[in-house]
2 protein chains.
Amino acid sequence: MRPLFHPAIDDVRPEAILHALADPSRAAIFAKIMQAGCVEACSAVSAVGDRVIPKSSLSNHFKVLREAGLIRSERHGVEVRNHSRWIEVEARFPGLLAGIINAYALDQRHDLRAAETPTLDKDAI
Amino acid sequence: MRPLFHPAIDDVRPEAILHALADPSRAAIFAKIMQAGCVEACSAVSAVGDRVIPKSSLSNHFKVLREAGLIRSERHGVEVRNHSRWIEVEARFPGLLAGIINAYALDQRHDLRAAETPTLDKDAI
DNA sequence: GCCCATAGTTCGGAACTTCGGAACTAATGG
DNA sequence: CCATTAGTTCCGAAGTTCCGAACTATGGGC
């Protein structure tokens with residue numbers, strides 16, 4: 001098993017971060033890692049929302065987050081623990097992660113409200 | 001020619017915005033539209049950096065930005081004018097766009113510095 | 001009206017990415 | 001040393017992106 005690769009914070013690119021978090025499952029995983037005291041075994045995230053994510057896809061999601069510079073993964077025996085690199089990323093790109101995580105949180109609340117009130121679709125322009 | 005589709009601001013999803021701006025060319029186009037008094041014909045962005053972008057790819061980039069809810073495009077005779085929807089998007093997802101545009105700006109300055117000082121690669125962990 | 005130029009869009013195929021099941025490896029406990 | 005648990009790798013199917021060529025739409029000149 002190849003050792004886990006982590007980019008130096010100076011090699012972290014905004015496009016990689018956006019690409020990583022443009023996937024709602026990955027954004028949810030990342031948000032969870034941050035809340036959960038910055039540590040989380042991969043298997044602790046077997047589902048996102050109501051959707052079950054297969055092992056191989058999960059493994060890939062963690063790889064994308066890791067290589068984007070968003071998380072740091074360490075093998076501890078048979079499992080991998082993931083820490084968010086929030087502080088480093090925030091120092092390099094202030095406000096970026098907060099804006100993204102907040103946007104997803106707002107979007108979710110919005111969806112809930114919409115589900116309660118049966119809506120009449122209306123078009124822009 | 002099909003009329004240009006614009007999502008209502010309430011239908012704008014964070015993942016679509018991140019996906020649109022995860023491409024550096026698109027992020028550059030969007031940044032340019034914002035600076036340039038919020039109006040820009042497609043053809044005015046024939047190149048990004050030193051790279052020439054073919055017409056068909058450009059057309060597609062504008063479509064992605066439009067459908068993500070980031071810009072509003074209006075046909076004016078033979079050309080299309082693009083306005084940024086910054087104000088609406090900012091109201092819905094405060095800080096999101098500022099964080100992203102700022103991150104790309106910081107990254108670019110960082111690259112310039114790195115090019116001046118010949119570096120010694122160093123690995124993380 | 002008819003032709004031309006300009007500005008964008010659509011089509012379609014090649015190259016690339018993502019997804020997920022099956023097979024694999026690595027550490028640990030009995 | 002076998003079984004179990006945790007995660008990775010492989011690989012084919014499905015989907016996405018890129019870009020050249022062909023197309024459409026608008027406006028101007030005659």
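Quantities reported herein were computed from a predicted structural model and do not represent experimental measurements. Throughout, protein chains are lettered first and strands after them, A, B, ... in sequence-line order, and every chain is numbered starting at 1.
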[atom1] of [X] versus [atom2] of [N]: gap in Å, rounded?
X      : N       : atom1 : atom2 : result
L4(A)  : dT8(D)  : CG    : P     : 7 Å
N82(A) : dG7(D)  : CG    : C1'   : 11 Å
I29(A) : dG7(D)  : CD1   : C1'   : 14 Å
L58(A) : dG21(C) : CG    : P     : 12 Å
R81(B) : dG8(C)  : CZ    : P     : 11 Å
E79(A) : dT4(D)  : CD    : C1'   : 14 Å
F62(A) : dC19(C) : CZ    : P     : 15 Å
E74(A) : dG7(D)  : CD    : C1'   : 16 Å

Subject >> From CD1 (I33(B)) to CD (Q35(B)), nearest 0.5 Å >> reply: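 Between I33(B) CD1 and Q35(B) CD, I get 11.0 Å after rounding to 0.5 Å.
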Donor-acceptor pairs under 3.5 Å, side chain of residues 95-106 of chain A to any protein atom, not counting sequence neighbours: which ones?
from	atom 1	to	atom 2	distance (Å)
Y104(A)	OH	L21(A)	O	2.7

Original post:
Is H6(B) reaching over with its side chain to a backbone N or O of S73(B), donor-acceptor style, under 3.5 angstrom?
Top reply: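 Confirmed, H6(B) side chain pairs with S73(B) backbone.
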**OP:** Could you tell me whether the phosphate oxygens of dG8(C), OP1 or OP2, come under 4.0 Å of any side-chain nitrogen or oxygen in S59(B)?
**Re:**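 No, no such contact exists.
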**OP:** Using side chain to side chain donor-acceptor pair (under 3.5 Å) as the criterion, list what pairs up with H19(B), not counting sequence neighbours.
**Re:**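 Applying side chain to side chain donor-acceptor pair (under 3.5 Å) to H19(B) gives none.
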Subject >> S59(B): partners by side chain to side chain contact (heavy atoms under 4.5 Å, CB included), with sequence neighbours left out >> reply: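 Residues passing side chain to side chain contact (heavy atoms under 4.5 Å, CB included) with S59(B): none at all.
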**OP:** Using side chain to side chain contact (heavy atoms under 4.5 Å, CB included) as the criterion, list what pairs up with Q108(B), not counting sequence neighbours.
**Re:**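 Side chain to side chain contact (heavy atoms under 4.5 Å, CB included) check on Q108(B) returns nothing, list empty.
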**OP:** Only pairs at least two apart or in different chains count here, so list each salt bridge (charged side-chain N to carboxylate O under 4.0 Å, His left out) that has a residue in residues 60-70 of chain B.
**Re:**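 Counting only pairs at least two positions apart or across chains, no salt bridge (charged side-chain N to carboxylate O under 4.0 Å, His left out) contact touches residues 60-70 of chain B.
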Got a list of protein N/O to nucleotides 17-21 of chain D N/O distances below 3.5 Å?
from	atom 1	to	atom 2	distance (Å)
dT17(D)	OP1	H19(B)	NE2	2.8
dC19(D)	OP2	S57(B)	OG	3.3
dG20(D)	N7	S56(B)	OG	3.0
dG20(D)	O6	S56(B)	OG	3.2

Subject >> Non-neighbouring partners of E88(B) that pass salt bridge (Lys or Arg N to Asp or Glu O under 4.0 Å), sequence neighbours left out >> reply: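 Testing E88(B) for salt bridge (Lys or Arg N to Asp or Glu O under 4.0 Å), a comparison that skips the adjacent residues, returns R72(B), R85(B).
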Subject >> Set of salt bridge (Lys or Arg N to Asp or Glu O under 4.0 Å) partners for R92(B), sequence neighbours left out >> reply: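 For R92(B) the salt bridge (Lys or Arg N to Asp or Glu O under 4.0 Å) partners, ignoring immediate neighbours, are D107(A).
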Kindly give the atom pairs (protein nitrogen or oxygen, nucleotide nitrogen or oxygen) under 3.5 Å for nucleotides 26-30 of chain D.
none

